[in-house]
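I have placed the structure first, in the form of structure tokens, so that the comments after it can refer back to it.
A, B, ... follow the sequence lines: proteins, then strands. Residue 1 opens every chain. We use all heavy atoms of the structure for the numbers below, so side chains are in, but hydrogens, waters and symmetry mates are not.
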2 protein chains.
Amino acid sequence: MARTQGSRADVTGPLIRDQARRLFARQGYAAVSMRQIASAVGVQAGALYAYTPDKQALLLDLLESHMRNLLAAWTDIPGDPLARLEHFVRFHIDTSLDHPDAVFLSYMELRNLTPQNFARIADLRSRYEAALETILRDGMAAGVMRIDDPRLATMALIAMLTGVTNWYREGGRLDRRRIGDIYWGLVRGAVGAD
Amino acid sequence: MARTQGSRADVTGPLIRDQARRLFARQGYAAVSMRQIASAVGVQAGALYAYTPDKQALLLDLLESHMRNLLAAWTDIPGDPLARLEHFVRFHIDTSLDHPDAVFLSYMELRNLTPQNFARIADLRSRYEAALETILRDGMAAGVMRIDDPRLATMALIAMLTGVTNWYREGGRLDRRRIGDIYWGLVRGAVGAD
DNA sequence: GTCTATAATCGGATAGAC
DNA sequence: GTCTATCCGATTATAGAC
């Protein structure tokens with residue numbers, strides 16, 4: 001991948017983020033060196049510092065932009081809490097399968113953030129969790145869901161749905177639509193909506 | 001923690017494993033140095049190599065012994081598949097809360113194993129997953145569970161149950177018995193047993 | 001914006017004394 | 001079994017040329 005000299009600011013910036021995301025997800029933040037990222041991009045290590053002040057800022061940028069994209073992409077729908085829950089389940093699975101590396105990073109590399117940066121990401125994540133918890137509480141109030149503890153159910157369901165990234169492989173036995181169907185069946189039962 | 005000279009082989013060995021497990025779980029394998037582990041134990045870095053040939057072997061030992069303990073501790077019970085499933089749910093949650101660091105490591109640090117070592121752990125894990133899948137299939141055959149895809153349900157349920165380590169804090173709002181009750185309610189619904 | 005070169009530190013692992 | 005000392009390669013980040 002080594003390149004000779006030349007400026008390509010428009011492509012290098014996104015490429016650094018893409019390769020860093022991919023490598024961090026596969027090997028872990030601490031195990032990836034700036035040289036490795038630079039090599040994957042096709043530049044020398046020193047060039048990375050024209051785009052990020054340091055490695056930590058690069059990780060924070062990846063996590064924060066993912067969480068902001070997630071929150072921006074999510075839109076609740078009006079009406080039946082069960083339909084809203086199905087919408088959330090399919091949204092979460094589709095997002096997780098579209099951006100498996102970003103999703104994986106966002107709950108695996110929190111421990112490598114500084115305390116301040118951790119607080120920023122934890123805040124964004126709690127907003128996303130609140131979206132699901134609201135649906136569950138509305139479903140209980142409407143009498144269409146039976147849930148012992150909506151806070152715990154929120155954590156449990158998100159863990160279950162996010163887990164799809166642990167085993168899903170492109171071109172595997174099940175396509176996305178089918179996976180969404182199966183998970184929705186599990187979730188619908190879990191909230192007592194059968 | 002620094003100590004003066006002296007041999008304490010009986011305590012140092014277990015202590016190295018305890019501290020390595022704790023540090024690996026909190027910061028990640030790659031982010032923890034042998035010097036850090038030694039410092040937490042109260043010995044110099046060189047002394048660690050009397051107990052492990054290298055850092056990788058230390059990680060493998062932690063993961064493998066955890067998986068073997070898990071498999072040794074698990075015993076299915078005869079009878080009703082629903083009772084067996086409840087037994088599995090409570091076993092898995094209790095184990096996860098008793099050994100949160102080991103559980104976390106066992107599904108977070110697989111990527112830092114060499115391919116050979118990875119295969120060893122993956123084999124042990126698949127045996128554990130098979131225990132749950134068998135119960136689900138028996139429940140379907142007996143007509144007491146409704147499950148679209150038992151293989152996928154196995155992965156989904158284990159992800160959900162293991163997720164308890166992400167939020168549980170000792171002395172928190174809910175005690176273990178109550179957490180087991182709540183998760184069992186979610187699982188029972190998810191497998192269509194209500 | 002990118003390169004080359006380098007500073008300063010830290011990493012895993014080993015040797016030999018006690 | 002543990003310590004001290006050390007080898008040697010890798011790491012993050014910076015400086016200055018182009």
**Complete:** Rounded to 10°, the helix from C:dG1-D:dC18 to C:dC18-D:dG1 deviates from straight, judged by its five-pair end axes, by 0°

**Nucleotide D:dT11, atom P - distance to CD of A:Gln56 in whole Å** = 18 Å

**Item:** B:Gln27-B:Gln36 side chain donor-acceptor pair, cut-off 3.5 Å
**Value:** yes

**Asked** Under the side chain to side chain donor-acceptor pair (under 3.5 Å) rule, what pairs show up with a residue in residues 109-124 of chain A, not counting sequence neighbours?
**Response** A:Gln56-A:Asn117, A:Glu64-A:Arg120, A:Glu109-A:Asn112, A:Glu109-B:Arg111, A:Arg111-B:Glu109, A:Thr114-A:Asn117, A:Asp123-A:Arg127

**Request:** Quickly work out the B:Tyr51 OH to D:dC3 C1' distance and round it to whole Å.
**Result:** 13 Å

**Asked** For D:dT2, does OP1 or OP2 lie under 4.0 Å from any side-chain N or O of B:Thr12?
**Response** yes

**Lys/Arg-Asp/Glu bridge criterion (N-O < 4.0 Å) met for A:Asp175, A:Arg178** = no

**Message:** If I take atom CG from residue A:Leu132 and atom CG from residue A:Leu136, how far apart are they, to the nearest 0.5 angstrom?
**Reply:** 4.5 Å

**Message:** Measure NZ/B:Lys55 against C1'/C:dG12 and give the value in whole Å, please.
**Reply:** 8 Å

**Request:** Round to the nearest Å and state the distance from B:Gln44 atom CD to C:dA13 atom C1'.
**Result:** 15 Å

**Message:** Just to verify, what does B:Glu133 make a salt bridge (charged side-chain N to carboxylate O under 4.0 Å, His left out) with, not counting sequence neighbours?
**Reply:** B:Arg137, B:Arg151

**Atom pair distance, as rounded to whole Å: OH in B:Tyr49 and P in D:dA5** = 19 Å

**Asked** Using a heavy-atom distance cut-off of less than 4.0 Å, which residues of residues 20-34 of chain B contact DNA chain C?
**Response** B:Val32, B:Ser33, B:Met34

**Asked** Taking the nucleotide of DNA chain D with the closest heavy atom to each, which residue, A:Gln36 or A:Pro53, is nearer the 5' end?
**Response** A:Gln36

**Gap between atoms CG and P, on A:Leu48 and D:dT14 respectively (whole Å)** = 12 Å

**Prompt:** Is it true that A:Arg177 and A:Asp94 make a salt bridge, defined as a side-chain N closer than 4.0 Å to a carboxylate O?
**Reply:** no

**Request:** Give the rounded distance in Å between these two atoms: CD1 of B:Ile37 and P of C:dA13.
**Result:** 10 Å

**Complete:** Sorted by chain and residue number, the salt bridge (charged side-chain N to carboxylate O under 4.0 Å, His left out) partners of A:Asp76 (sequence neighbours excluded) come out as A:Arg84

**Message:** A:Tyr128: which residues meet the ring-ring contact (aromatic ring centres under 6.0 Å, His included) condition with it, sequence neighbours left out?
**Reply:** A:Phe88, A:His92

**Message:** Without decimals, in angstroms, what is the distance between B:Leu58 CG and C:dG12 P?
**Reply:** 11 Å

**Message:** Could you check whether B:Trp74 and B:His87 have their ring centres less than 6.0 Å apart?
**Reply:** yes

